[in-house]
Protein chains: 2
Amino acid sequence: MPNNSKFELEAKYFQDMPVYWLVRQLADRWSLPVIAELCRGTQRFLELKRALEPVSKRMLTLTLRRLMAAGFVERHMQDTNPPQVSYALSPLGHSLGEALKSLNAWTKLHHATFAAALKRDQRASDQDL
Amino acid sequence: MPNNSKFELEAKYFQDMPVYWLVRQLADRWSLPVIAELCRGTQRFLELKRALEPVSKRMLTLTLRRLMAAGFVERHMQDTNPPQVSYALSPLGHSLGEALKSLNAWTKLHHATFAAALKRDQRASDQDL
DNA sequence: CTGTATCCAGCAAGATACTG
DNA sequence: CAGTATCTTGCTGGATACAG
């Protein structure tokens, strides 16, 4: 009987470290790219998909649903034919975007260090070839 | 021929969004708990392990090695018998701790929203039982 | 005390095909 | 256009045993 919540045994970190939950929520392949793209403005499903190439429709849908569940993204649809669905950041989502911008600024300050770590990472994988 | 770097196809995000790399680096099960624990001061391997129960020796070692590779953690050993190894945050690691504290503060501001999202998450998993 | 080696289950996510 | 359904694979991380 599998448990869908990957946070099952990690509850103790939620009290003092909600950032733990936030980071794990945002750490999948597409969440941050989607948020970054939506920071530029409301976009329709296919616009998003094209902007985030090579994302698949499936992964884009899953990512958007998760971001909606967390309250970061809103979905608006007009039931025309063909259907039109657009996605936008919620106020909370915009706030998150700003918070991430701050963290991004911090990261850029130490860019040299991270570039070195990244290069090590890549070289390590090169050795596998 | 597997590629160990999970960042292989994601290089385009490193230029404008180093935070993408950072978040993915910190999003595993134990990185943030280890950093939080080391924020309280230098600690030896077993101290860390006990503080982070129920982490395994294997996962603690892997996590520490990754944090060292990223430059966040330093390792100091005296080759006595039995061996003594202690871990501490590097200056960069302390700086990261501060940055995370800020993000944590932002997260706490919106705690109600996240608590609701978390509850949905847990209820969704409860329905599996 | 401080790790490494090995094995294994479960989940994230890509490929592909199908749908209203 | 905007998705869902199904199948598959690699990686993360836990359990356990062994080692300097």
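Reckoned from all heavy atoms, side chains included, excluding hydrogens, waters and symmetry mates.
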- Check the distance between C:dC11's P and A:Gln25's CD and give it to me in whole angstrom. 16 Å
- Task: Look only at the side chain of B:Gln25 and the backbone of B:Ala70, and say whether a donor-acceptor pair between them is shorter than 3.5 Å.
- Result: no
- Task: Five pairs at each end of the helix from C:dC1-D:dG20 to C:dG20-D:dC1: take the axis at both ends and give me the angle between them to 10°.
- Result: 50°
- Message: Please report the interatomic distance OG1(B:Thr61) to CG(B:Leu48), rounded to the nearest 0.5 Å.
- Response: 10.5 Å
- Message: Between B:Trp30 and D:dG14, is there a contact of a side-chain N or O with OP1 or OP2 at under 4.0 Å?
- Response: yes
- Query: In residues 35-52 of chain B, which residues come under 4.0 Å of DNA chain C by heavy atom?
  - Reply: B:Arg44, B:Phe45, B:Leu46
- Between CD of B:Gln78 and P of C:dC1 the distance, given in whole Å, is 15 Å
- Query: Can a side chain N or O of A:Arg75 be found less than 4.0 Å away from OP1 or OP2 on D:dG3?
  - Reply: yes
- Message: Which residue is it: B:Val19, B:Leu96, B:Val23? I am looking for the one with a side chain to side chain contact (heavy atoms under 4.5 Å, CB included) to A:Thr107.
- Response: B:Val19
- Query: Nearest-Å distance, CG (B:Asp79) to C1' (C:dC1)?
  - Reply: 12 Å
- Item | Exercise: identify the closest heavy-atom pair between B:Ser56 and B:Lys49 | CA-NZ, 4.3 Å
- Length of the CE-C1' vector between A:Met59 and D:dA5, whole Å: 15 Å
- Item | Nearest-angstrom distance from the residue atom CG of A:Asn81 to C1' of D:dG3 | 14 Å
- Query: What's the closest nucleotide to the A:Pro82 side chain, out of D:dG3, D:dC1, C:dC1?
  - Reply: D:dC1
- Calculate the interatomic distance between B:Leu60 atom CG and D:dT12 atom P; express it in whole Å. 17 Å
- Item | OP1 or OP2 of D:dG14 under 4.0 Å from side-chain N/O of B:Arg29 | yes
- Query: Can you check whether A:Tyr87 has a side-chain N or O nearer than 4.0 Å to OP1 or OP2 of D:dG3?
  - Reply: yes
- Query: Given atom CE of A:Met77 and atom C1' of D:dG3, what is their separation to the nearest angstrom?
  - Reply: 10 Å
- Message: Can you identify which nucleotide, out of D:dG14, D:dT4, C:dG3, has its nearest atom closest to the A:Arg65 side chain?
- Response: D:dT4
Could you list the protein-to-nucleotides 15-20 of chain D atom pairs, N/O on both sides, closer than 3.5 Å?
| residue | atom | partner | partner atom | Å |
| --- | --- | --- | --- | --- |
| D:dA15 | N6 | B:Arg58 | NE | 3.4 |

